[in-house]
Asks: 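Okay, here's the structure, questions in a sec.
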Amino acid sequence: MRKRTILGGVLAVATLGMSGLAAPATAAPDARLADVIPAPVEVRPNPAADFWINPATQIRTQPGAKGAKRVGDYLAGVLRPATGYPLPVAESRYSVLPTISLVLGDAEARIGKQGYQLDVTRKGVTIRANSASGLFAGVQTLRQLLPAEIESSGPRLRAWTVPGGRILDYPRFGYRGAMLDLARHFHTVPEIKRYIDDLARYKINHLHLHLADDQGWRIQIDSWPKLTAVGGGQGTGVDGAGGGYLTKADYAELNEYAAARQLTIVPEIDMPGHTNAALSSYAELNCDGVAPPPRTDMEVGYSSLCVGKENTYAFVEDVIREVAAMTPGPYLHLGGDEAEATTDADYRTFMRRVIPLVGKYGKRLAGWHEIAQADLPASAVPQFWDSAGGVDDNVARAAGNGSKILLSPANKSYLDMKYNENTELGLTWAGPTEVRDAYDWDPASAVRGVGERSVLGVEAPLWSETVRSIDDIEFLAFPRLPAIAEKGWSAKAGQDWESFRQRLAGHGPRWDLGGVNYYRSPQIPWPG
Ligand code: ACM
């Protein structure tokens with residue numbers, strides 16, 4: 001095999017012409033097989049089986065396996081900039097050259113739909129999975145097994161060694177999510193795409209977009225155009241900063257970009273509270289027929305749709321119908337949190353009318369955990385956002401009735417909390433939250449009455465009151481997002497703070513090279 005590697009190198013140097021990037025034939029790997037985040041289920045290193053990606057390496061998928069081909073194209077896009085290698089993606093039954101093979105089927109049943117097997121031998125790398133999402137997860141693992149320089153945007157002259165051995169891996173929970181608030185501050189399509197790329201590295205497979213709140217309305221609704229013309233205009237961010245909204249074309253583009261990274265976008269339209277942007281855009285939505293002024297402060301709990309007015313339900317149905325039509329994924333999130341300006345009786349009346357509309361338009365209801373005050377179908381997903389260790393009888397009752405609960409305990413998973421009292425960005429009400437705080441909890445005991453089988457997964461929300469740019473987003477997300485990703489993916493037995501902080505340290509250089517802004521937590525032994 002060594003002979004072929006060297007021959008391949010010679011061939012590809014000729015192919016590469018001017019760039020002349022020939023890698024050394026051998027070199028020890030920088031990463032160890034067990035360095036991966038989230039921690040894989042089984043890792044069996046074999047130091048005699050290291051593989052070198054070289055200028056002749058190809059990426060192979062089976063003929064006609066479209067989903068695998070798409071993952072192969074993605075992998076080539078990840079590996080080409082730093083290696084400078086051509087890395088053709090070929091549909092072929094056999095591997096001839098040194099090959100990274102992405103194989104659909106023939107994988108162990110226990111890895112399920114989202115898991116993968118990764119085998120590294122001297123001949124090549126084989127990732128096997130039962131679905132494209134499993135192959136994609138395996139590709140993210142492969143990326144972390146390469147030297148940190150793989151994240152650089154231009155060619156680097158070095159050996160691209162993958163440590164030999166085998167990984168078998170699958171998630172503990174099917175739903176691993178992050179939420180981004182576009183309402184308190186609007187984030188552009190390129191910023192959201194960049195965040196999707198950040199999430200994909202850590203096997204996060206849902207991006208929940210908080211699309212409407214008191215300050216701004218951020219998604220085009222054709223039947224109620226003033227929502228965006230007024231509620232999404234300039235100056236509608238907190239403190240009058242920024243503004244803007246996603247058109248339907250933008251939203252379709254984001255869905256496509258996310259799908260290519262095996263992520264599902266979950267849209268949220270918060271109601272009946274958190275609705276000042278809608279109420280100030282349309283006077284007729286208000287009980288007294290008078291539009292309140294726009295608000296760009298950070299108060300919560302003062303707005304409510306008019307529960308007694310029929311027009312409210314025409315509005316809500318139009319919005320749900322249009323948002324459902326824009327949404328390829330299964331979930332539609334109706335918010336429902338902090339409805340302090342709605343009486344309890346009105347809240348239940350409102351939800352009784354509105355909840356069936358989500359099913360009517362073919363979607364599965366999600367909502368913040370307050371929706372569990374209402375009678376929910378078993379398919380509904382309450383999202384718990386109180387502190388870990390919390391007690392909520394309604395949530396426990398929903399779990400008892402068959403609902404799966406999504407866990408976002410604010411004191412653990414809220415990425416907008418400050419790291420410490422000196423952190424410039426972020427809020428404090430559930431924090432401060434250092435990396436270890438984000439790591440030290442278990443999803444199966446975060447809420448009384450919600451055990452392992454009632455947990456849909458975990459989600460890390462990032463509210464954007466203090467956030468303006470992608471640099472701000474990344475500073476708050478890294479390194480806590482990988483901690484939450486490990487809570488959602490890794491087996492309980494594979495989770496260990498000491499191991500996590502050591503593995504995390506190796507990601508600092510990757511973020512430096514990839515231009516990812518992050519908090520250099522003193523809890524992590526960063527290199528150099
Ligand atoms: C929330 O933080 N109000 C869901």
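Remember, it's a predicted structure, so these values are computed and weren't measured experimentally. Ligands are counted one by one from 1 in listed order, and the atoms in each one are counted from 1 as well. Heavy-atom basis, side chains included; hydrogens, waters and symmetry copies ignored.
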Asks: Would you please indicate yes or no on a ring centroid separation below 6.0 angstrom for His210 and His208?
Replies: no

Asks: Report yes or no: is the cationic atom of Arg501 (NZ for Lys, CZ for Arg) closer than 6.0 Å to the six-membered ring centre of Tyr439, at no more than 45° off its axis?
Replies: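 No cation-pi geometry.
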
Asks: Is Glu338 close to ligand 1, meaning an N/O of one under 3.5 Å from an N/O of the other?
Replies: yes

Asks: For Trp463, counting its heavy atoms only, list the atoms of ligand 1 lying under 4.0 Å from any of them.
Replies: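 Within the 4.0 Å cut-off of Trp463, ligand 1 contributes 1 (C), 2 (O), 4 (C).
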
Asks: Are Tyr331 and Glu268 linked by a side-chain donor-acceptor pair shorter than 3.5 Å?
Replies: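 Tyr331 vs Glu268: no donor-acceptor pair found between side chains.
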
Asks: Do me a favour and list the nearest non-hydrogen protein atom to atom 2 (O) of ligand 1 with residue, atom name and distance?
Replies: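 Ranking protein heavy atoms by distance from atom 2 (O) of ligand 1, first comes Tyr414 OH, 2.7 Å.
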
Asks: Only heavy atoms of Trp385, strictly under 4.0 Å: list the atoms of ligand 1 that pass.
Replies: 1 (C), 2 (O), 3 (N), 4 (C)

Asks: Do the side chain of Thr342 and the main chain of Tyr347 share a donor and acceptor less than 3.5 angstrom apart?
Replies: no

Asks: Under 3.5 Å between some N or O of ligand 1 and some N or O of Asp337?
Replies: yes

Asks: Kindly compute the distance separating CG (Leu227) from CG (Leu211), expressed to the nearest 0.5 Å.
Replies: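 Leu227 atom CG to Leu211 atom CG measures 12.0 Å (nearest 0.5 Å).
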
